[in-house]
Q: 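What follows is a structure written as structure tokens; I'll ask about it next.
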There are 2 protein chains.
Amino acid sequence: MLQRPDPFNAQCPTRRVLDRIGDKWAVLILILLEHETLRFNELRRRIQAISQKMLSQTLKSLERDGLIRREAFPTVPVTVEYSLTELGRTLAVTVDSLRIWAETHIGTVEAAQRRYDRGAEPDLAETASR
Amino acid sequence: MLQRPDPFNAQCPTRRVLDRIGDKWAVLILILLEHETLRFNELRRRIQAISQKMLSQTLKSLERDGLIRREAFPTVPVTVEYSLTELGRTLAVTVDSLRIWAETHIGTVEAAQRRYDRGAEPDLAETASR
DNA sequence: GAGTGGTAGTATCCATTAGATACTGGAAAA
DNA sequence: TTTTCCAGTATCTAATGGATACTACCACTC
């Protein structure tokens with residue numbers, strides 16, 4: 001390893017990986033595939049408001065990164081199954097903790113948003129001096 | 001709580017929260033602020049290739065969500081410090097595990113990409129039949 | 001036997017978004 | 001005196017995301 005990973009350097013590969021992970025559709029797909037194998041249109045129905053194009057694109061990227069496996073069965077019409085690879089499984093666990101965080105703290109976040117939108121200081125009227 | 005959180009429903013608030021979290025700039029900012037308080041231009045220098053506009057926008061969203069705190073000091077020129085709130089700190093820990101995942105598995109991901117780009121099956125030449 | 005719906009996508013176009021660039025205004029450094 | 005820094009905003013353009021239509025084949029309904 002030539003230099004230690006630095007995701008804040010735009011050229012560093014870990015940055016590219018983080019950018020991929022930090023993608024809303026990728027996150028949702030990983031979470032969904034964590035517990036079951038799903039087909040293209042099943043994924044589409046589950047992830048509301050995703051377009052076919054984005055689903056197709058995101059699946060392709062995830063496959064390229066070795067995170068998911070695509071298997072096509074020569075049925076009529078063709079059947080395509082998507083599942084996590086071992087690598088993908090390790091990431092899915094991590095990513096799922098984001099979902100858990102969101103579900104746990106959604107109330108606090110929404111309260112903060114209301115406070116902010118009501119037009120004032122988020123916590124205290126603090127504009128300290130130096 | 002009227003219904004259980006479902007991030008796959010486009011209307012569910014947890015989905016909106018996940019979308020916010022699943023944002024590459026937000027992820028990087030949270031990781032950076034986990035261990036220190038930083039000012040606007042310091043953040044900009046650290047996060048390579050972020051534009052002022054996106055930094056400004058992302059900071060505003062994170063502040064609105066109650067994840068970071070913005071403090072302005074009436075110096076000349078004005079000094080603005082950004083730090084995590086308690087809520088933000090809980091998220092930063094989770095998000096940082098993404099960075100750790102990326103740094104740990106970057107080699108495997110890059111190998112998978114090379115294999116994929118070399119034009120063939122990612123793992124085995126498997127096109128099973130049914 | 002015509003129409004509808006399902007399979008897994010691709011192609012195209014347009015709206016939204018991200019990014020590049022220039023600008024603010026006052027002070028300090030070169 | 002020109003440049004630099006602070007923390008942004010404003011504007012314009014390039015890239016991206018999303019809506020829609022289409023493929024080709026088959027099953028099912030009417």
Side-chain angles (χ1 to χ4, degrees), chain A residues 8-11 15-16 18-29 32-33 37-64 68-83 116 121 126-130, chain B residues 8-11 15-16 18-20 22-29 32-33 37-64 68-83 116 126-130:
Chain A
F8 303 105
N9 178 330
Q11 264 64 53
R15 165 71 165 269
R16 292 199 302 274
L18 257 193
D19 288 354
R20 284 262 59 242
I21 301 173
D23 170 60
K24 59 175 186 169
W25 299 128
V27 167
L28 291 170
I29 290 172
L32 268 182
L33 291 181
T37 291
L38 289 172
R39 294 162 59 183
F40 187 88
N41 279 324
E42 274 180 291
L43 280 165
R44 192 152 79 90
R45 279 188 294 267
R46 299 272 198 116
I47 305 175
Q48 286 203 17
I50 193 172
S51 63
Q52 287 178 307
K53 179 182 155 190
M54 287 314 295
L55 180 55
S56 166
Q57 267 182 26
T58 308
L59 287 170
K60 227 174 269 176
S61 304
L62 290 173
E63 188 195 358
R64 176 169 182 269
I68 66 174
R69 181 174 17 249
R70 177 186 186 279
E71 290 177 277
F73 302 93
T75 52
V76 176
V78 63
T79 298
V80 180
E81 287 189 350
Y82 292 94
S83 57
Y116 185 96
E121 275 67 342
E126 53 187 344
T127 300
S129 57
R130 268 231 165 130
Chain B
F8 303 104
N9 178 330
Q11 263 63 53
R15 166 70 165 270
R16 292 199 302 273
L18 257 193
D19 288 353
R20 284 261 61 242
D23 171 61
K24 58 177 186 168
W25 299 128
V27 167
L28 291 169
I29 291 172
L32 269 182
L33 291 181
T37 290
L38 290 172
R39 294 162 58 183
F40 188 87
N41 279 323
E42 274 180 289
L43 280 165
R44 192 152 78 90
R45 279 188 295 268
R46 299 272 197 113
I47 305 175
Q48 285 202 19
I50 193 173
S51 62
Q52 288 178 304
K53 178 181 153 191
M54 288 313 295
L55 179 56
S56 166
Q57 268 182 26
T58 309
L59 287 170
K60 226 173 271 177
S61 303
L62 291 173
E63 189 196 357
R64 175 168 184 269
I68 66 175
R69 179 172 21 248
R70 177 185 185 279
E71 289 178 278
F73 302 95
T75 53
V76 175
V78 63
T79 298
V80 179
E81 288 189 350
Y82 291 94
S83 57
Y116 186 95
E126 54 185 343
T127 301
S129 57
R130 264 225 170 134

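Reckoned from all heavy atoms, side chains included, excluding hydrogens, waters and symmetry mates. Note on naming: letters A, B, ... go to the chains in the order of the sequence lines (proteins, then strands), and numbering restarts at 1 for each one. Being a predicted model, the structure only gives us computed values, none of them experimental.
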Q: Does the B:Ser56 side chain pair with the main chain of B:Gln52, one donor and one acceptor, at a distance under 3.5 Å?
A: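 Absent.
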
Q: Minimum heavy-atom separation for B:Arg70 and B:Tyr82, please, with both atom names.
A: NE-OH, 3.4 Å

Q: If the test is side chain to side chain contact (heavy atoms under 4.5 Å, CB included), which one of A:Leu28, A:Ile29, A:Asn41 qualifies with A:Leu55?
A: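 Testing each of A:Leu28, A:Ile29, A:Asn41 against A:Leu55, the sole residue satisfying side chain to side chain contact (heavy atoms under 4.5 Å, CB included) is A:Ile29.
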
Q: Rounded to the nearest angstrom, tell me the gap between atom CG in B:Leu55 and atom P in D:dA7.
A: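 B:Leu55 atom CG is separated from D:dA7 atom P by 10 Å.
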
Q: Rounding to an integer number of Å, can you tell me how far A:Asn41 CG sits from C:dG9 C1'?
A: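 So the CG-C1' distance, A:Asn41 to C:dG9, works out to 9 Å.
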
Q: Please tell me which of A:Lys53 and A:Pro77 maps to the more 5' nucleotide of DNA chain C, matching each residue to the nucleotide holding its nearest heavy atom.
A: A:Pro77

Q: Write down the distance between CG (B:Asp23) and P (D:dT16), rounded to a whole number of angstrom.
A: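 Roughly 15 Å, once rounded to whole Å.
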
Q: Reading DNA chain D from 5' onward, which residue's closest nucleotide shows up sooner: A:Ser51 or A:Val76?
A: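 Final value for this comparison: A:Ser51.
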
Q: Categorize B:Arg44 for me: base, sugar-phosphate, or nothing, with a 4.0 angstrom heavy-atom threshold over every strand shown.
A: nothing

Q: Taking only the side-chain nitrogens and oxygens of A:Ser56, find out if one of them lies under 4.0 Å from OP1 or OP2 of C:dA8.
A: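 Checking A:Ser56 against C:dA8: no side-chain N or O falls below 4.0 Å of OP1 or OP2.
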
Q: Tell me whether A:Arg46 contacts the main-chain N or O of A:Leu38 through its side chain, where contact means a donor paired with an acceptor under 3.5 Å.
A: no

Q: Do any side-chain nitrogens or oxygens of B:Arg39 fall under 4.0 Å of OP1 or OP2 in D:dC6?
A: no

Q: Find the distance A:Glu71:CD to C:dA8:C1' and express it as a whole number of Å.
A: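 The distance from CD of A:Glu71 to C1' of C:dA8 comes to 16 Å, rounded to the nearest Å.
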
Q: Report yes if at least one side-chain N or O of B:Trp25 is closer than 4.0 Å to OP1 or OP2 of C:dG19; otherwise report no.
A: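 So the side-chain polar atoms of B:Trp25 do come within 4.0 Å of the phosphate oxygens OP1 or OP2 of C:dG19, strictly under.
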
Q: Would you indicate, yes or no, if D:dC6 has its OP1 or OP2 atom less than 4.0 angstrom from a side-chain nitrogen or oxygen of B:Arg45?
A: yes

Q: May I have the distance from A:Asp19 (atom CG) to C:dA18 (atom P), rounded to whole angstrom?
A: 13 Å

Q: Rounded to the Å, how far apart are A:Leu59 CG and C:dA8 P?
A: 11 Å

Q: Take atom CD1 of A:Ile50 and atom P of C:dG9, then tell me their distance rounded to the nearest Å.
A: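 After rounding, the gap between these two atoms is 13 Å.
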
Q: Report the residue (A:Lys24 or B:Phe40) whose heavy-atom-nearest nucleotide on DNA chain D is the more 5′ of the two.
A: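 Its nearest nucleotide lies further toward 5', so the answer is B:Phe40.
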
Q: Please give me the minimum heavy-atom distance between A:Gln48 and B:Asn9, naming the atom from each residue.
A: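 Here A:Gln48 and B:Asn9 meet closest at OE1-OD1, 4.1 Å.
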
Q: Do A:Gln52 and C:dA11 have a side chain to base donor-acceptor pair shorter than 3.5 Å?
A: no

Q: Whole angstrom is fine here: how far is it from CZ in A:Arg70 over to P in C:dA8?
A: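 It works out to 10 Å between those atoms.
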
